[in-house]
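Just dropping this structure here.
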Amino acid sequence: MSFVLAAFAWMVDPAHWGGPGGIADRLIQHLLYSVLALVVAAVIALPLGLWIGHTGRGRTVAIGLSGALRALPSLGLLTFLTVAMGVGINQVLLPSTIVLAVLAAPPMLAGAYAGVEAIDHDVIDGARAVGMSERQIVTGVEMPLAAPMILGGIRSATLQVIATATIAAYLGLGGLGRLILDGLPVRDYPRMLAGALLVTLLALVIDAVLTLLQRLLTTAGVRAAIGSG
């Protein structure tokens, strides 16, 4: 308990928030790494998931690939990519972004294709019957109806990325992981525990924001359509 109290005392000390290497600086770095990886994963996984859900093709491959990507050890993959790409331990933004994007892609992919697949086929057939093109069906029918599950996949990916972005510190980057890593050699356990608590709090806050966003973007009409499906 004393370590917990000491960690909270360390965390609320204004002297630890400002300047380079302060909590605010590490927090911004952590968010930047996370957002960068999530954007990369979203650009790849969401269109692919919508295509799989719309066409019904490649679902088995997507499930197998998602399972394989989830099983990869993040720290081991980061070390491998850093060595294989020859970027050096001080330029690991690219491999760390790849690792975090690999972690984020499976839940986004699953949310997208599962959301589209869950739509009642009568709705899709009705859209085709009124003359909508396949592109209009995807953007005007399937995406709005699948939005709750798509956002659910993004939420899951975001939490995983925020929790795992601490590994970026092990090979030279910043982020909240630095608080944990830098405290270890000098046995500054309050700082290490504060780093872990800050990552947890950040994940909880982001999850609350995304939950609210998911609720706001899911209209009553969409909920009714999904329920009728």
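Just the heavy atoms: all of them, side chains too, but no hydrogens, waters or symmetry mates, feed the values below.
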Cluster link L210 to M143, ILVMFWY, side chain under 4.5 Å: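 Yes, L210 and M143 fall within the same hydrophobic cluster.
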
Matching residue for Y113 among I63, L48, L46, L50 - test: side chain to side chain contact (heavy atoms under 4.5 Å, CB included):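 For Y113, the side chain to side chain contact (heavy atoms under 4.5 Å, CB included) test succeeds with only one of I63, L48, L46, L50, which is I63.
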
Close side-chain approach of L173 to Q29, heavy-atom, < 4.5 Å: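 Side-chain contact under 4.5 Å: no.
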
Shared hydrophobic cluster for L78 and L72 (ILVMFWY, side-chain gaps under 4.5 Å):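 In one cluster with L78: L72, yes.
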
Shortest non-hydrogen separation from S66 to L109 and the atoms involved: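 Closest approach of S66 to L109: OG-CD2, 3.5 Å.
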
Which atom of G152 lies closest to which atom of Q214, heavy atoms considered: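 Minimum heavy-atom contact is N-NE2, 3.7 Å.
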
Heavy-atom pair with the smallest gap, counting every atom of T158 and I154: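 Closest heavy-atom pair between T158 and I154: OG1-O, 2.7 Å.
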
Side-chain (S156) to main-chain (G153) donor-acceptor, under 3.5 angstrom: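 Between the backbone of G153 and the side chain of S156 there is no qualifying donor-acceptor contact (under 3.5 Å).
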
R128: side-chain hydrogen bond (donor to acceptor under 3.5 Å, both in side chains) partners, not counting sequence neighbours: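 In terms of side-chain hydrogen bond (donor to acceptor under 3.5 Å, both in side chains), with neighbours along the sequence ignored, R128 is linked to E134.
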
Same apolar cluster: L216 and I206, side chain cutoff 4.5 Å: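 In one cluster with L216: I206, no.
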
L38 versus A104, closest heavy-atom pair with distance: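 Here L38 and A104 meet closest at CD2-CB, 3.9 Å.
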
Close side-chain approach of L198 and R26, heavy atoms under 4.5 Å: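 A side-chain contact under 4.5 Å is absent here.
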
Whether W10 and H16 hold their rings parallel, tilted or perpendicular, with breakpoints at 30° and 60°: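 The arrangement is parallel - the two ring planes meet at less than 30°.
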
Closest heavy-atom pair and its distance - P95, L81: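 Looks like CB-CB, 3.8 Å.
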
Residues forming a side-chain hydrogen bond (donor to acceptor under 3.5 Å, both in side chains) with R59, sequence neighbours excluded: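 Counting only residues at least two positions away or on another chain, R59 forms a side-chain hydrogen bond (donor to acceptor under 3.5 Å, both in side chains) with E117.
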
Test item: W17 side-chain N/O and D25 main-chain N/O as donor-acceptor pair under 3.5 Å: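 It does not hold such a pair.
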
Considering all heavy atoms, the nearest S74-V99 contact: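 Heavy-atom minimum between the residues: O-CG1, 3.6 Å.
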
Atom pair CG/CD1 of L77 and I167 - distance to nearest 0.5 Å: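 These two atoms lie 8.0 Å from each other.
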
